2 protein chains.
Amino acid sequence: MPHYFIRKLEQFTKLSCDDRQALENAVCKRRTIAKHADIISEGDDPHHVNLILDGWACRYKHLDDGRRQIISLFVPGDLCDSHVYLLREMDHSIVALTPVRLAEISRAALEQVANDNVRVTKALWWNTLVTVAVQREWTVNLGQRTALERLGHLFCELFLRLRGVGLTDGPSYELPLTQVELADALGLSNVHINRTLQDLRRAGLIVLKGGRLTIPDFDALQRASLFNPNYLHIDREGRHFDADGSV
Amino acid sequence: MPHYFIRKLEQFTKLSCDDRQALENAVCKRRTIAKHADIISEGDDPHHVNLILDGWACRYKHLDDGRRQIISLFVPGDLCDSHVYLLREMDHSIVALTPVRLAEISRAALEQVANDNVRVTKALWWNTLVTVAVQREWTVNLGQRTALERLGHLFCELFLRLRGVGLTDGPSYELPLTQVELADALGLSNVHINRTLQDLRRAGLIVLKGGRLTIPDFDALQRASLFNPNYLHIDREGRHFDADGSV
DNA sequence: CGCATTTTTGATCAAGTTCAATATCAGTGG
DNA sequence: CCACTGATATTGAACTTGATCAAAAATGCG
């Protein structure tokens with residue numbers, strides 16, 4: 001069952017039992033991916049859409065000389081690429097950062113949902129729009145923010161995304177990323193990530209230990225990172241489409 | 001008539017007369033925007049979609065302390081935000097960089113097209129997918145490339161995008177961007193943009209004068225910038241959906 | 001022509017990179 | 001339980017890319 005995904009969509013609008021069932025039915029196959037294995041690679045023909053049921057993954061791209069950029073991070077409940085099967089080949093790769101459980105959603109199933117269920121279609125569009133908004137915000141992050149702001153901004157974003165699917169525990173969450181991975185995501189060197197993490201710790205803005213991040217004062221971190229959550233559109237913006245309780 | 005837009009979509013799949021007509025009909029209002037005027041601003045309620053008929057525009061976002069990032073560039077034929085009306089408010093602004101003529105497409109019209117015309121719907125999805133792919137590539141650009149590579153990469157991208165809608169003239173095109181705007185788009189200072197442009201000129205990779213950019217040797221610029229056009233998906237990837245000539 | 005915008009140049013400075021070494025940690029097998 | 005291994009994190013020192021500040025030159029346009 002795509003538990004986290006449904007939770008994610010319900011940040012936009014409340015789904016009915018039928019809606020959820022439609023999503024369940026769309027899943028045609030489940031897979032388990034080992035840590036560091038590619039889920040799909042640049043050049044592959046994308047014939048279905050991947051939904052992360054559990055674990056973390058990321059999009060990345062290598063330049064010809066080996067430099068790597070992590071383009072986006074996927075956490076449980078994230079849909080990798082709605083409608084990507086319209087394209088002939090992948091222009092980037094997706095790799096598992098931890099062991100990943102995923103669901104494959106076939107093109108046919110997705111198109112059927114689009115035809116049959118207006119509310120789910122809207123929720124999927126919302127999901128797409130937010131994904132793109134996050135990508136835009138990463139552009140701002142890389143273009144304008146300092147190292148400290150970039151890290152803080154990412155930590156704020158991940159906090160809200162994970163809280164949206166119930167994966168935070170009070171002020172903290174599991175963060176299974178290495179410093180090299182953070183560096184590749186933020187366009188910085190791993191050495192500088194290390195030093196900047198120490199700055200954040202020294203300032204009391206984060207506690208990071210044993211793969212768990214704690215944000216003692218979210219407001220403070222938000223201010224230090226110039227973080228504005230508006231791009232996540234998580235305040236039930238589609239509540240006027242809510243299913244009534246009865247269905 | 002949304003001339004450039006149709007040309008753009010036909011990079012994916014050939015449209016029939018009916019398809020074109022459906023797009024024409026979707027346009028409900030035309031507007032002219034003065035240079036430097038906002039087309040839509042952060043916080044606005046987005047009730048329709050904007051299509052750039054003529055002129056250049058960009059998305060941007062200001063940080064609280066005034067830093068500005070240009071998030072994407074729009075050229076003639078670009079659709080600003082498919083389905084954006086599902087969101088409650090804009091998380092960024094769009095401003096005209098030159099005088100802009102645009103068409104407003106209402107939500108109702110767009111939904112009608114989606115219901116009535118499968119080929120156009122596919123083409124619009126392709127357009128959305130490419131827009132997102134460009135955004136991802138900008139992430140890579142800002143995260144990994146040097147100043148010279150960033151500029152070269154942008155010039156290559158713009159060349160292919162403009163050629164796709166017929167706005168190149170041999171190896172050159174009109175580039176109405178100031179150095180400050182290039183700086184804001186590439187996350188660099190205007191001073192450094194100036195010096196890097198000189199480097200590119202000195203290397204014979206570009207000629208830039210009077211608002212016109214010429215790329216004497218595209219391959220060379222492409223190599224110098226580590227540019228790979230695969231993310232633009234412009235080789236008629238949807239040709240199996242082509243309308244036959246008869247309709 | 002005159003004014004505002006844009007481009008160019010010079011000099012100094014800072015953020016972040018690179019390279020290389022060391023320390024720590026998690027897991028594995030004995 | 002401990003030693004071993006590979007991955008990850010940390011530190012130091014030298015270096016480089018690009019930023020900042022400030023002024024001058026060029027350009028465009030009414």
Side-chain angles (χ1 to χ4, degrees), chain A residues 34-37 56 63 65-70 95-99 141-154 174-202 206-213 224-226, chain B residues 34-36 56 63 65-70 95-99 141-154 174-202 206-213 224-225:
Chain A
K35 182 171 170 168
H36 293 157
W56 287 48
L63 300 192
D65 64 356
R67 278 173 274 175
R68 175 173 90 143
Q69 177 68 34
I70 289 181
V95 68
L97 297 172
T98 68
N141 213 20
L142 293 176
Q144 297 299 325
R145 281 186 250 260
T146 65
L148 189 134
E149 291 162 354
R150 281 186 217 184
L151 262 171
H153 190 280
L154 179 63
E174 296 290 337
L175 182 76
L177 301 177
T178 68
Q179 294 184 4
V180 170
E181 285 158 355
L182 286 170
D184 285 351
L186 296 175
L188 297 163
S189 69
N190 59 335
V191 173
H192 201 55
I193 289 287
N194 183 284
R195 291 182 171 130
T196 308
L197 283 172
Q198 293 179 44
D199 291 345
L200 282 165
R201 281 192 268 242
R202 218 172 300 123
I206 62 163
V207 179
L208 175 56
K209 220 182 143 206
R212 169 161 287 268
L213 181 83
S225 318
L226 303 174
Chain B
K35 182 170 170 169
H36 294 157
W56 288 47
L63 300 192
D65 63 358
R67 278 173 275 175
R68 175 173 91 144
Q69 176 68 34
I70 290 182
V95 69
L97 296 172
T98 68
N141 214 18
L142 293 175
Q144 297 300 323
R145 282 185 249 260
T146 65
L148 189 134
E149 291 163 355
R150 280 185 220 184
L151 261 172
H153 190 279
L154 179 63
E174 297 290 338
L175 182 75
L177 301 177
T178 67
Q179 294 184 5
V180 170
E181 285 158 355
L182 286 170
D184 285 349
L186 297 175
L188 297 163
S189 70
N190 60 333
V191 173
H192 200 57
I193 289 286
N194 183 283
R195 291 181 170 131
T196 308
L197 283 172
Q198 293 179 44
D199 291 344
L200 281 166
R201 281 191 268 242
R202 217 172 300 124
I206 63 164
V207 179
L208 175 56
K209 219 181 145 209
R212 169 160 287 269
L213 181 85
S225 319

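Numbered from 1 within each chain, the chains take letters A, B, ... in sequence-line order. Just so it is clear, the model here is predicted, and its values are computed rather than measured.
Residue Asn194(B) places at least one side-chain N or O closer than 4.0 Å to OP1 or OP2 of dT8(C). In terms of phosphate contacts, Gln198(B) brings a side-chain nitrogen or oxygen within less than 4.0 Å of OP1 or OP2 of dT9(C).
Atom-to-atom distance recorded for Leu142(B):CG and His153(B):NE2 is 10.5 Å, nearest 0.5 angstrom.
Rounded to an integer number of Å, the gap from Glu181(A) CD to dA7(D) P is 13 Å. When rounded to the nearest whole Å, the span between CG of Leu97(B) and C1' of dT6(C) equals 15 Å. For the pair Asp199(A) CG and dA14(C) P, the computed distance is 16 Å after rounding to whole Å. In this structure, the CG atom of Leu142(A) is 14 Å from the C1' atom of dG16(C), given to the nearest Å. Between the CG atom of Leu151(A) and the P atom of dA9(D) there is a distance of 12 Å, given to the nearest Å. Rounded to whole angstrom, the span from the CD atom of Gln179(A) across to the P atom of dA9(D) amounts to 4 Å. Atom pair Leu177(A):CG and dA7(D):P shows a separation of 18 Å (rounding to whole Å applied). Between the CZ atom of Arg212(B) and the P atom of dG28(D) there is a distance of 15 Å, given to the nearest Å.
Side-chain atoms of Gln179(A) never come within 3.5 Å of backbone atoms of Val191(A) as a donor-acceptor pair (strictly under, hydrogens ignored). Thr196(A) contributes no side-chain N or O that, together with a main-chain N or O of Leu148(A), makes up a donor-acceptor pair within less than 3.5 Å.
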Check the pair Arg68(B) / Glu181(B) against salt bridge (Lys or Arg N to Asp or Glu O under 4.0 Å), numbers first and verdict last.
-> CA-CA 10 Å; Arg68(B) 175 173 91 144; Glu181(B) 285 158 355; 5.1 Å; no

Under the side-chain contact (heavy atoms from CB on, under 4.5 Å) criterion, do Leu197(B) and Arg201(B) qualify, and how do the steps go?
-> CA-CA 6 Å; Leu197(B) 283 172; Arg201(B) 281 191 268 242; 3.9 Å; yes

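The C1' atoms of five pairs define one axis at each end of the helix from dC1(C)-dG30(D) to dG30(C)-dC1(D), and these two axes lie 50° apart (to 10°).
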Just the table, please: protein N/O against nucleotides 17-22 of chain D N/O, every pair under 3.5 Å.
{"residue": "dG18(D)", "atom": "OP1", "partner": "Ala147(B)", "partner atom": "N", "Å": "3.1"}
{"residue": "dG18(D)", "atom": "OP2", "partner": "His192(B)", "partner atom": "NE2", "Å": "3.4"}
{"residue": "dG18(D)", "atom": "O5'", "partner": "His192(B)", "partner atom": "NE2", "Å": "3.4"}
{"residue": "dA19(D)", "atom": "OP1", "partner": "Ser189(B)", "partner atom": "N", "Å": "3.0"}
{"residue": "dA19(D)", "atom": "OP2", "partner": "Ser189(B)", "partner atom": "N", "Å": "3.1"}
{"residue": "dA19(D)", "atom": "OP2", "partner": "Ser189(B)", "partner atom": "OG", "Å": "2.8"}

